[in-house]
S.K.: 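This is the structure I want to talk about, given as structure tokens.
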2 protein chains.
Amino acid sequence: MKRPTIADIARRAGVSKGAVSYALNGQPGVSEATRQRIVAIAQEIGFNPNSAARALSGASARAVGLTLSRPARILSIEPFFMGLISGFEAELAARSYALTLQVVATPEQEVEVYRRWWGERRIDGVIVTDLRENDVRIPVLQQLQLPAVVIGGPGDTGKIAQVWSDDAGAITETVRYLVALGHRRIARVSGLPGLLHTQTRTRAFNDICAALGLTEALTVPSDYTGEEGGRATRRLLIGTERPTAVIYDNDVMAVAGLAVAQEMGLAVPGDLSIVAWDDSPLCSLVHPPLTALSRDIAEYGAHAARELLAAIDGKQVSNVEAGTAHLTPRGSTAPPR
Amino acid sequence: MKRPTIADIARRAGVSKGAVSYALNGQPGVSEATRQRIVAIAQEIGFNPNSAARALSGASARAVGLTLSRPARILSIEPFFMGLISGFEAELAARSYALTLQVVATPEQEVEVYRRWWGERRIDGVIVTDLRENDVRIPVLQQLQLPAVVIGGPGDTGKIAQVWSDDAGAITETVRYLVALGHRRIARVSGLPGLLHTQTRTRAFNDICAALGLTEALTVPSDYTGEEGGRATRRLLIGTERPTAVIYDNDVMAVAGLAVAQEMGLAVPGDLSIVAWDDSPLCSLVHPPLTALSRDIAEYGAHAARELLAAIDGKQVSNVEAGTAHLTPRGSTAPPR
DNA sequence: CTCCACAACTTACCCGGTTCAGTAAACACT
DNA sequence: AGTGTTTACTGAACCGGGTAAGTTGTGGAG
């Protein structure tokens, strides 16, 4: 089948290509009557502008890029990214931007992908996740002047917009809640230590524990996988002075931690309370259901997409906080025995 | 920053644009010495061909499309799709094709997206998941002559290539295994009944149960969500003649089913054996770990991507079976008490 | 020495939109 | 009536690659 072009429309409407272009883009330069006639013809023959031609003549590519830099085995089970993607999509589809995805292994590869995309003019902007300290991607994006939005700060990203949620506030609330229940030995199994938001959480965790006089606040670094989360939990629970509550940096590790506790014959929440960060259906469907730090991840993604589209439109955007995760108590937390 | 173009390379190399194009694409028409000089310059200035220009001049867009047609709440937790995406990516990245993603709500919307992508010349082909009976997408793809690969057959897709795994064989093996353990009352919680592979599984399940003389083989339709899976499980377990084993069509429902059993005071696997379809880390990290039907989903995706790229290259492709899921026994299956 | 074949290029047009400069007609204003 | 100004267009250049057709230059055969 042949794709209809504006030349086809122009011929049928008896006008020039230029007039068709003005009419379809809502530009001034054609009369209302002509515009309606042209739009009707476009509708009728099912016209869609060739995105390549459009991108080539200076306009935008109407696409944004997202790189995912976790190994496949983590990506497949981590609900966070799919939630994020759904959120992006809702916003992007509304403005008919496409989302281009690439799975990468390292930040260096990610930089390569950004350079390639930029050179290919394939995308108008990128969404950057998992901000690190002195992130190598930031200077590259600035150099290329590629519109971007960073998720996972707050951090130093210069003029690049950020969307973040108040992790410090959330963890503070959680520790206060556990202490109110009577817990004194609270541990934490964290995500990848290189990520900025992990560091933010760890700092806030240490601060609030110190403020409340908890001397044994311990953070065990992990990597978001269930296996590692389970191992970290086992290590925490074999000590003589085992914690009575553990906070996990994602839901997958929390579920794994729950399984380890059950396997070791500990009652949850009687012997051990568990809190998961990032609520997902996963938390509700295990037994007992997990107390979790909930936030609307899709909305978080939608927010980021809106900021990115604004940046692409040339609007100066600033750092935006997208809302704090709030504690959703379920069956996995209780006063210690 | 200005993007380098072939004109820049041509100027620096002292040749014409055409020569550069021939050199970079490995076409005859330039001497080996000139080619190497041109390639070196391209390398040096970090040249990437503008994908829009390339797509416009008749060549391919070097991108393929994937639509995901499940609600966000299912997508976020279902490990299958992320595994599939990782698999695609591995293959696509190797040939530097981009993956364009769109989340849709209905098959009709999906068709709209295909039409738009085709009109925009944004993609060279699409990957179709969740094949249905009399799928509305198939005739559209044939009409548009858009290269495609279908995942989730086997079904009637005319000339469009299919990649599928032998679900009937897998479920037969599973039922035989459970019967060998001594189970006689085996139930199944299925995925969306409209999907062709769900129907394939149901038919095979009924057939093998009949062949083995199991009269109470019951399939309860569900929708892949944990909530629905849990509800279906509860309905199965409140009867007087409750099943001693349940097979779930995905891991999420299986985990939910496990939680329901635990909540109802049933021991797994003592009172109830559980089998999950599609192994994911999720199955190993609950307690007890779930016996699952494993297949390499990423490889499944990679396979599909290879077929699609072949179809785009104009090679005639046929239906391919991508390997059967095999039973991985873990702690959730045992002889009934 | 002439002619031909072929390699190694160059030239020019194509793809399908966007956009700017130009133009003719309609209209307003003095 | 004559002079701007505005409206509604047209025509052509342009984006950056791909490629068919044309042009050189070189070497070998006769």
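Note that the coordinates shown come from a computational prediction; the quantities given were computed from them, not determined experimentally. A, B, ... follow the sequence lines: proteins, then strands. Residue 1 opens every chain. What you see below is based on every heavy atom in this structure, not just the backbone, and it leaves out hydrogens, waters and symmetry mates.
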S.K.: Would the base of C:dA7 count as contacting B:Y22 through its side chain, where contact means a donor and an acceptor less than 3.5 Å apart?
M.R.: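 No, no donor-acceptor pair under 3.5 Å.
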S.K.: What integer distance in Å separates A:R3:CZ from C:dG17:C1'?
M.R.: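 Distance, rounded to whole Å: 15 Å.
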S.K.: To the nearest Å, how far apart are B:L56 CG and C:dC15 C1'?
M.R.: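 Whole-Å distance recorded here is 4 Å.
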S.K.: B:T67 and side-chain hydrogen bond (donor to acceptor under 3.5 Å, both in side chains): which partner among B:R137, B:E110, B:Q102?
M.R.: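 Checked B:R137, B:E110, B:Q102 against B:T67; only one passes side-chain hydrogen bond (donor to acceptor under 3.5 Å, both in side chains): B:E110.
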S.K.: Would you mind reading off the distance between B:R121 atom CZ and D:dG16 atom C1', rounded to a whole angstrom?
M.R.: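 B:R121 atom CZ is separated from D:dG16 atom C1' by 16 Å.
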S.K.: What is the nucleic acid contact for A:S21, judged by heavy atoms within less than 4.0 Å: base, sugar-phosphate only, or nothing?
M.R.: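 Base contact - A:S21 has a heavy atom under 4.0 Å of at least one base atom.
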S.K.: How would you label the contact of A:S31 with the nucleic acid (heavy atoms, under 4.0 Å): base, sugar-phosphate, or nothing?
M.R.: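 The residue A:S31 makes sugar-phosphate contact but no base contact.
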S.K.: Rounded to whole Å, please give me the gap between CG in B:N50 and P in C:dC15.
M.R.: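 Whole-Å distance recorded here is 18 Å.
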S.K.: What is the distance from CD1 of B:I6 to P of C:dC9, rounded to the nearest Å?
M.R.: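 Distance, rounded to whole Å: 16 Å.
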S.K.: Between A:Q27 and C:dT18, does any side-chain N or O lie under 4.0 Å from OP1 or OP2?
M.R.: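 No, because none of the side-chain N or O atoms of A:Q27 sits under 4.0 Å from OP1 or OP2 of C:dT18.
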S.K.: Let's test your reading of the model: under 3.5 Å, does the base of C:dG17 pair with the side chain of A:K17 as donor and acceptor?
M.R.: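 Such a pair exists between side chain and base.
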S.K.: Using a 4.0 Å heavy-atom cut-off, does B:S16 contact any base of the nucleic acid, only the sugar-phosphate backbone, or nothing at all?
M.R.: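 Base, at least one base atom sits under 4.0 Å.
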S.K.: To the nearest angstrom, how far is B:R11 atom CZ from C:dT10 atom C1'?
M.R.: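 To the nearest whole Å, that distance equals 17 Å.
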S.K.: Between P on D:dA8 and CZ on A:R35, what's the gap in Å once rounded to a whole number?
M.R.: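 The distance from CZ of A:R35 to P of D:dA8 comes to 10 Å, rounded to the nearest Å.
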S.K.: Quick one, B:W118 and A:N48 - any side-chain contact, counting heavy atoms below 4.5 Å?
M.R.: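 No. Closest side-chain heavy atoms not under 4.5 Å.
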S.K.: Please state how far atom CD in B:E120 lies from atom P in C:dC15, giving the value in whole angstrom units.
M.R.: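 After rounding, the reported distance stands at 20 Å.
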S.K.: If every non-hydrogen atom of A:W164 is compared with every non-hydrogen atom of A:P154, which pair is closest and at what distance?
M.R.: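 Nearest pair, atom of A:W164 first, then A:P154: CE3-CD, 3.6 Å.
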S.K.: With a 4.5 Å heavy-atom cut-off, do B:L66 and B:L99 have their side chains touching?
M.R.: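 Yes, close enough: below the 4.5 Å cut-off.
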S.K.: Measure the shortest side-chain to side-chain distance between A:L141 and A:V150 over non-hydrogen atoms and say whether it is less than 4.5 angstrom.
M.R.: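 Counting from C-beta outward, A:L141 and A:V150 never come under 4.5 Å.
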S.K.: For a quick check of understanding: with a heavy-atom distance under 4.0 Å over all strands, which category does B:V15 fall into, base, sugar-phosphate or nothing?
M.R.: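 Answer is sugar-phosphate: B:V15 comes under 4.0 Å of backbone atoms only.
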S.K.: Determine: side-chain N/O of B:R54 to OP1/OP2 of D:dG16, distance under 4.0 Å, yes or no.
M.R.: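 Answer no for this pair, as no side-chain N or O of B:R54 is under 4.0 Å from OP1 or OP2.
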S.K.: Using a heavy-atom cut-off of under 4.0 Å over every strand shown, decide if B:T34 touches base, sugar-phosphate, or nothing.
M.R.: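 Contact class for B:T34: sugar-phosphate only.
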